[in-house]
Amino acid sequence: MFIKDQLTQVIHQVLLQMGFEVSTQEIHLEQPALPEHGDWSTNIALVLAKRVKMSPVELSSAVAKTVEDDISSFAFAYIKAVKAVSPGFVNFYLYNSWLHQELIELFKQGEHHYAAFDIGKGKAVQVEFISANPTGPLHVGNGWWGCYGDALARLLSRCGWMVSREYYVNDTGGQIRELGASILAAKRGKELPEGGYKGEYISLLAASYDEAAQAEVEGDEAADGQGAITAVEKAGIWAAKRILENIKTTCNRLGIIFDKYYSQREMEQSGALDQSLKDLDKRSLLYRDEGALWFKSSSLGDSRDRVLVKSDGEYTYLAADIAYHRDKFILRGFDRVIDVFGADHHGHVPSLLAGVEALGVQKGSLEVKIGQMVSLVGGIGTKSDADGSNLSATGAAVKMSKREGNVVLLDSLIDEIGIDAVRLLSLLSSIDQAVTLDLDLVKKQSMENPVYYVQYAHARIASIQKFAEVRGHAGLDRVNLNLNTLNVLRHPRELDLIRCLIELPDIIMSAYNELAPFKVTTWVRKLAGCFHGFYHDCRVIGDDVALEITEARLWLTEAVRIGLKIGLELLGVSLPESM
RNA sequence: GCCCUCGUAGCUCAACGGACAGAGCGGUUGCCUUCUAAGCAAUAGGUUGCAGGUUCGAGUCCUGCCGGGGGCGCCA
């Protein structure tokens with residue numbers, strides 16, 4: 001049991017003794033920023049004051065006094081002093097052994113259970129992310145939200161959910177025709193059609209679009225029992241498949257492995273869409289107007305009604321998306337679904353939520369996280385920018401557009417700074433934050449990227465542990481680890497390091513609650529910082545280091561290694577043994 | 001015009017409604033016979049866009065402005 005939980009019990013017990021009806025949930029403990037405010041602090045007196053009609057100062061003093069008077073009666077031996085302080089905080093000062101005890105707890109639980117939770121209880125959650133249209137290669141923004149989605153999935157998994165990662169492939173509709181038209185135009189050396197796609201990849205694809213390719217598409221379509229399709233559609237379908245393969249390769253490079261790439265075309269061909277419409281119709285939520293089929297989404301929180309089937313008989317994107325979510329919830333039975341959208345699609349959210357609600361899915365089962373736009377400044381790709389670098393000479397932010405072909409490719413960025421740097425960089429700040437990425441700076445700073453700071457801590461630990469073996473320090477004996485062994489850890493650097501390390505369970509909990517994996521990044525950087533300080537001031541192995549100090553510090557080092565491992569694995573960043 | 005979102009140091013970003021708003025980069029200055037200097041330490045830098053309100057307490061919550069981004073299709 002963590003010290004924090006034990007201390008909560010103590011406070012609870014005291015409050016009950018004093019005759020106050022409170023639940024343990026109301027008792028909030030935090031580690032104060034300032035050392036003089038103690039190891040733990042609670043604001044319970046401030047919260048309770050009004051209810052019990054006492055002044056906060058009076059109440060906090062009473063609580064502090066009661067704790068002090070009864071200190072020997074608690075099954076809790078770590079309290080050194082308790083102080084009430086204006087405007088009503090109760091601060092607890094503990095013996096250092098409480099930190100050592102936390103380390104023992106960490107080892108007891110081990111890397112698989114420490115800071116892991118069973119909130120999901122094995123229920124199924126699906127995280128859908130990236131889902132970029134297969135009309136062009138992934139750009140940096142896709143990668144940004146992609147790393148977020150993947151890290152979120154890892155976080156959910158650590159919190160007891162059975163996670164599926166999924167990519168929704170919009171491989172049908174007008175955009176695929178436009179893609180096909182662009183390919184054909186490029187092949188014939190004609191002007192690109194209005195609204196066509198312009199990137200370099202179009203001409204590359206066009207060059208390899210031959211009769212065999214056409215035959216391949218025709219064969220597939222015949223197998224699917226579809227009717228005749230136009231030359232434009234053929235080219236579009238073919239190109240989309242090729243592009244999707246390219247997208248998969250890029251995702252795999254980044255360590256983002258989807259359980260499923262879900263094809264919109266296949267779903268439509270399966271008749272799932274019609275079934276979805278029937279379900280909505282059963283609830284009397286559809287009506288016809290001007291030849292189109294409408295969804296009464298305004299009755300479910302949307303700002304207006306939406307068209308599901310156009311007057312030309314084609315389905316809208318929304319119709320397909322509702323059917324897709326029907327598939328997720330009703331057919332596949334996910335208990336929870338989290339969609340990660342770019343901010344450019346957030347207008348779609350109320351309609352989708354209305355659709356999902358209309359299908360009878362419990363409210364709240366679908367959560368949508370909106371990734372703010374990633375704007376780019378500066379240039380990248382020193383060799384040739386032909387494959388899509390955007391760069392304005394002025395260095396002004398350029399809006400990325402697949403259609404305009406001025407995207408900065410995710411692959412280029414990975415080539416430039418590496419996988420770990422991309423992952424950590426994209427997980428540095430909240431997804432709610434619209435970030436500006438200065439590509440010149442990123443390139444220039446690639447050697448001093450924050451990721452190296454963290455990885456370097458790990459490499460140093462690995463180095464110490466190797467050296468320990470060389471010097472013949474026996475393996476760590478976990479069974480007999482006790483407070484006496486760790487008691488010599490008293491250096492401020494050591495205590496700070498432990499203090500930081502043991503925040504991990506709380507960090508993961510709040511990262512989970514807020515769907516904010518970047519909190520893990522922030523923590524991992526802080527931990528690395530504490531470790532570097534410790535490394536600098538506290539030698540682990542050496543002729544002038546006492547044996548019991550070496551032993552205790554080896555323990556501490558191992559604990560930090562576990563913490564770094566948990567953190568970096570959640571972020572999908574590798575842990576180098578040497579650098 | 002309406003809806004969503006963001007506004008914190010020169011730059012990029014942190015801060016469960018808590019105590020004096022913190023890091024990194026960039027600037028200045030120190031530290032390598034020692035387990036990796038991709039490191040450590042010191043120093044400078046702020047009226048948290050503005051104005052009200054709620055609260056014992058507001059960068060955080062509410063209202064209104066101002067500014068950036070996104071969205072308001074029988075596109076996806």
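Chain naming here is simple, since letters A, B, ... match the order of the sequence lines and numbering starts at 1 in each. Please read all numbers here as calculations on a predicted model, not as lab measurements.
Looking at A:Asp321 and A:Tyr168, their side chains never bring a donor and an acceptor atom within 3.5 Å of each other.
The stretch residues 315-328 of chain A touches RNA chain B through A:Tyr315, A:Thr316, A:Tyr317, each having a heavy atom within less than 4.0 Å of the strand.
Considering only residues two or more places apart in sequence or on other chains, A:Glu268 meets the salt bridge (charged side-chain N to carboxylate O under 4.0 Å, His left out) condition with none of them. Scanning for ring pair (Phe, Tyr, Trp, His ring centres under 6.0 Å) contacts around A:Tyr317 gives A:His348, with sequence neighbours left out. Remark: A:Phe129 pairs with A:Phe258 by the ring pair (Phe, Tyr, Trp, His ring centres under 6.0 Å) rule, at least two apart or across chains.
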Task: Nucleotide-level pairing of RNA chain B, given in dot-bracket where Watson-Crick and G-U pairs need both distances under 3.5 Å and | marks other strands - done: (((((((..((((....[...)))).(((((.......))))).....(((((..]....))))))))))))....

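Residue pairs that meet the side chain to side chain donor-acceptor pair (under 3.5 Å) test with at least one member in residues 453-462 of chain A, sequence neighbours left out, are A:Asp420-A:Gln455, A:Gln455-A:Ser574, A:Arg460-A:His532. Applying the salt bridge (charged side-chain N to carboxylate O under 4.0 Å, His left out) rule to pairs touching residues 50-64 of chain A yields A:Glu26-A:Arg51, sequence neighbours excluded.
Within 4.0 Å of A:Asp305, counting heavy atoms only, lies no atom of the nucleic acid at all. Backbone-only contact: A:Ala343 has heavy atoms under 4.0 Å from sugar-phosphate atoms and none from a base.
Taking the side chain of A:Ile464 as heavy atoms from C-beta on, and the options B:A37, B:A19, B:C35, the nearest nucleotide is B:C35. Listed candidates were B:A19, B:A38, B:G39. Nearest to the side chain of A:Arg460 is B:G39. Closest to the side chain of A:Met579, from the set B:A38, B:A76, B:C35, is B:A38.
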Would you list the protein and nucleotides 28-31 of chain B atom pairs, both N or O, that sit under 3.5 Å from each other?
none

Pick out the pairs of N or O atoms, protein on one side and nucleotides 15-17 of chain B on the other, that lie under 3.5 Å.
unit_1	atom_1	unit_2	atom_2	d
B:C16	O2	A:His28	NE2	3.4
B:C16	N3	A:His28	NE2	2.2
B:C16	N4	A:His28	NE2	2.9
B:C16	N4	A:Glu30	OE1	2.9

List, with names and distances, any nitrogen or oxygen atoms from the protein found under 3.5 Å away from nitrogen or oxygen atoms belonging to nucleotides 56-58 of chain B.
unit_1	atom_1	unit_2	atom_2	d
B:C56	OP1	A:Lys50	NZ	2.9

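Counting atom types as modelled, A:Thr522 pairs no side-chain N or O with a base atom of B:A23 as donor and acceptor under 3.5 Å. In this model, no side-chain donor or acceptor of A:Glu469 finds a partner on the base of B:C35 within 3.5 Å.
Both geometric conditions, a ring-centre gap below 5.5 Å and a plane tilt below 30°, are fulfilled for A:Phe89 over the base of B:A19.
The glycosidic torsion of B:C65 lies more than 90° away from 0, placing the base in the anti range.
Toward the 5' end of RNA chain B, the nearer of the two residues A:Gly173 and A:Gly347, judged by each one's closest nucleotide, is A:Gly347.
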Open item on the list: What does the B/S/- profile of nucleotides 1-13 of chain B look like, 5' to 3', with a 4.0 Å heavy-atom cutoff to protein?
Closed with: ---BSSS----SS

For residues 305-313 of chain A, tabulate all N or O donor-acceptor pairs below 3.5 Å that involve a side-chain atom, not counting sequence neighbours.
unit_1	atom_1	unit_2	atom_2	d
A:Asp305	OD1	A:Ser297	N	3.4
A:Asp305	OD1	A:Ser298	N	3.1
A:Asp305	OD1	A:Ser298	OG	2.6
A:Asp305	OD2	A:Tyr287	OH	2.6
A:Arg306	NE	A:Asp302	OD2	2.8
A:Arg306	NE	A:Ser351	OG	3.2
A:Arg306	NH2	A:Asp302	OD1	3.1
A:Asp312	OD1	A:Glu314	N	2.9

Task: Step-by-step side chain to side chain donor-acceptor pair (under 3.5 Å) determination, A:Gln264 to A:Asn170 - done: CA-CA 5 Å; A:Gln264 182 183 350; A:Asn170 306 129; 3.2 Å; yes

